[in-house]
Amino acid sequence: MNSPARATPALSSPAAARTALEQVAANLSLAVRGKEKEIRLAVTCLAAGGHLLLEDVPGVGKTTLVEALARSFSLSLSRVQFTADLMPADILGAQIFHAATASFSFRPGPIFRQLVLADELNRAPPRTQSALLEAMAQGQVSLDGVTHPLPRPFTVVATQNPVDFSGTYPLPDSQLDRFLMRLSLGHPAPDVEARLLVLARDAATAGTVVEPVSTPEALNGLRAQVAAQRLDETVADYVVRLAQATRSHGDIERGASTRAVLALGMAARAHALWEARDFVTPGDVRAVLGPCLAHRLLLRSANQGTYTRDEALHLIEEIARKVPAPR
């Protein structure tokens, strides 16, 4: 997760933050129809300063959602198509030698944007995938002993196809753990698809037609507001007990990490803003539990090749039912 910009003040109140969130969500719904729940979670993820993994089959609106997010917040956007021959320098940039002056200068790569779409991230080899790790964790890029800060706000949204694994490299655990949330959009309902036909709009450009309704500074303000949200000891204990339950469950080989616990707390803080509250409730934690934890768990069934992506969600729902919430 990114840290909120230190010089950026929080919004004037949780109510003002909720208004800002709702304005962006309403704007996104003009580009991605019938996905209000997923849109709300995506906006929550950005407000929490987290990176987002969109896992779904082609043609359901992943790219449209990312383009609309960038437009709504007026963020600079770059799209990197990950392929087997993509090199780290193609993402991060490189030192360029100038023969006339016998000197080097740094040429920034596409990572130097406020919103980076890493399309089909798992099609690049692990070395190239790992080029994103420092950027996602620390908001900077280190090359040849020189550190280059990335713009603020900074967010990576990656996509991968959960069905087609031919020619892909599974994302390493260290990479998965750096995504605050994993979401799937799924196919729209039949009436929504019919409505899209009536609109006769090219889905490929839908994300670019929405108008900006916010700014990068406002997103920084939202992140500062999220960081200032109160999460008391009873809710913190609830979050930890949920994480511990994943670590002791018989069907889970490896449970939630400490980074996952922190991510869950931050996402719950952001979710509380939708209710214009300055404190977190157990309901906020449960609302973001699956999107925050499911992709971080290693199931025992995965070793037998029977793992499905929904299985982790079912286990988390089971854990949420068994772990008592504070009153």
Side-chain angles (χ1 to χ4, degrees), residues 1-2 11 13-56 60-75 115 117 153 155-159 179-189 191-192 195 206-207 210-214 218-223 225-227 229 231 263-295 313 316-317 320:
M1 290 179 291
N2 297 315
L11 297 180
S13 67
R18 179 177 66 178
T19 299
L21 292 173
E22 290 178 341
Q23 193 173 21
V24 171
N27 204 45
L28 292 175
S29 67
L30 299 176
V32 183
R33 304 272 175 163
K35 296 295 174 184
E36 284 73 18
K37 177 184 176 183
E38 292 77 9
I39 286 173
R40 183 169 166 141
L41 285 169
V43 176
T44 301
C45 183
L46 254 68
H51 307 291
L52 177 62
L53 177 62
L54 293 175
E55 188 177 79
D56 221 318
V60 295
K62 299 189 295 297
T63 302
T64 300
L65 174 60
V66 178
E67 290 176 341
L69 274 169
R71 289 276 295 175
S72 294
F73 281 110
S74 308
L75 301 174
L115 185 56
L117 170 57
T155 301
V156 172
V157 182
T159 71
F179 287 102
L180 184 78
M181 289 187 188
R182 181 188 67 178
L183 299 178
S184 296
L185 292 178
H187 293 289
D191 61 321
V192 175
R195 179 63 179 163
V210 297
E211 296 296 327
V213 296
S214 189
L219 179 55
N220 280 331
L222 274 172
R223 292 180 173 185
Q225 184 77 49
V226 169
Q229 293 284 86
L231 190 153
L264 179 56
M266 191 60 76
R269 285 180 166 94
H271 190 271
L273 287 180
W274 289 99
E275 302 298 329
R277 282 187 272 102
D278 63 356
F279 61 92
V280 178
T281 68
D284 294 318
V285 177
R286 287 194 294 271
V288 296
L289 187 61
C292 283
L293 293 193
H295 61 290
L313 281 172
I316 288 173
E317 290 170 1

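Just so it is clear, the values below take in all heavy atoms, side chains as well, and ignore hydrogens, waters and symmetry mates. Here the structure is a predicted model, which is why all the values come from computation and not from measurement.
Minimum interatomic distance between Ala263 and Cys292 (heavy atoms only, all atoms of both residues): O-SG, 4.4 Å. Minimum interatomic distance between Ala15 and Ala276 (heavy atoms only, all atoms of both residues): CA-CB, 3.9 Å. Nearest approach of Ala47 to Arg223, heavy atoms of both residues: O-CG, 3.2 Å. The two residues Val66 and Leu115 make their nearest non-hydrogen contact at O-CD2, 3.6 Å. Here the shortest heavy-atom pairing between Leu180 and Gly50 reads CB-CA, 3.7 Å. Counting all heavy atoms, side chain and backbone alike, Leu289 lies closest to Ala320 at CD2-CB, 3.8 Å.
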> What do the steps show when you test Asp56 against Val60 for side-chain contact (heavy atoms from CB on, under 4.5 Å), and what is the final call?
Replying inline: CA-CA 8 Å; Asp56 221 318; Val60 295; 3.7 Å; yes
> Please walk me through it: do Asp284 and Phe279 pass side-chain contact (heavy atoms from CB on, under 4.5 Å)?
Replying inline: CA-CA 10 Å; Asp284 294 318; Phe279 61 92; over 6 Å; no
> Is there a side-chain contact (heavy atoms from CB on, under 4.5 Å) between Val43 and Trp274 once you walk through the steps?
Replying inline: CA-CA 10 Å; Val43 176; Trp274 289 99; 4.0 Å; yes
>> For Ser29 and Ile39: C-alpha separation, side-chain torsions, deciding distance, then whether side-chain contact (heavy atoms from CB on, under 4.5 Å) applies.
In response: CA-CA 7 Å; Ser29 67; Ile39 286 173; 4.2 Å; yes
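Taking the side chain as every heavy atom from C-beta outward, Arg277 and Pro14 never approach each other to under 4.5 Å. In this structure the side chain of Leu54 never reaches within 4.5 angstrom of the side chain of Ser184, judged on heavy atoms. A 4.5 Å side-chain heavy-atom check between Leu41 and Met181 finds at least one atom pair inside the cut-off. Residues Leu52 and Thr155 fail the side-chain proximity criterion, which asks for heavy atoms closer than 4.5 Å. Between Leu222 and Leu21, the closest side-chain pair of non-hydrogen atoms falls below 4.5 Å. At least one side-chain heavy atom of Met266 sits less than 4.5 Å from a side-chain heavy atom of Val226.
Here CG of Leu219 is found 13.0 Å from CD of Gln225. Values are rounded to the nearest 0.5 Å. Taking NZ of Lys62 as the reference point, atom CG of Leu183 lies at 12.5 Å (rounded to 0.5 Å). Note that OG1 of Thr64 and NZ of Lys35 are 13.0 Å apart. Values are rounded to the nearest 0.5 Å. The distance from atom CG of Leu313 to atom NE2 of His295, rounded to the nearest 0.5 Å, is 10.5 Å. Considering NE2 of His51 and CG of Leu53, their distance stands at 12.0 Å, rounded to 0.5 Å.
Ser72 places no side-chain N or O within 3.5 Å of a backbone atom of Val213 that could act as its donor or acceptor partner. Within the 3.5 Å criterion, the main-chain N or O of His271 finds no donor-acceptor partner in the side chain of Thr44. In this structure a side-chain-to-backbone donor-acceptor pair under 3.5 Å is missing from Arg71 to Pro212.
Checked against Glu275 for a salt bridge (Lys or Arg N to Asp or Glu O under 4.0 Å), the options Arg18, Arg40, Arg269 give a single hit: Arg40.
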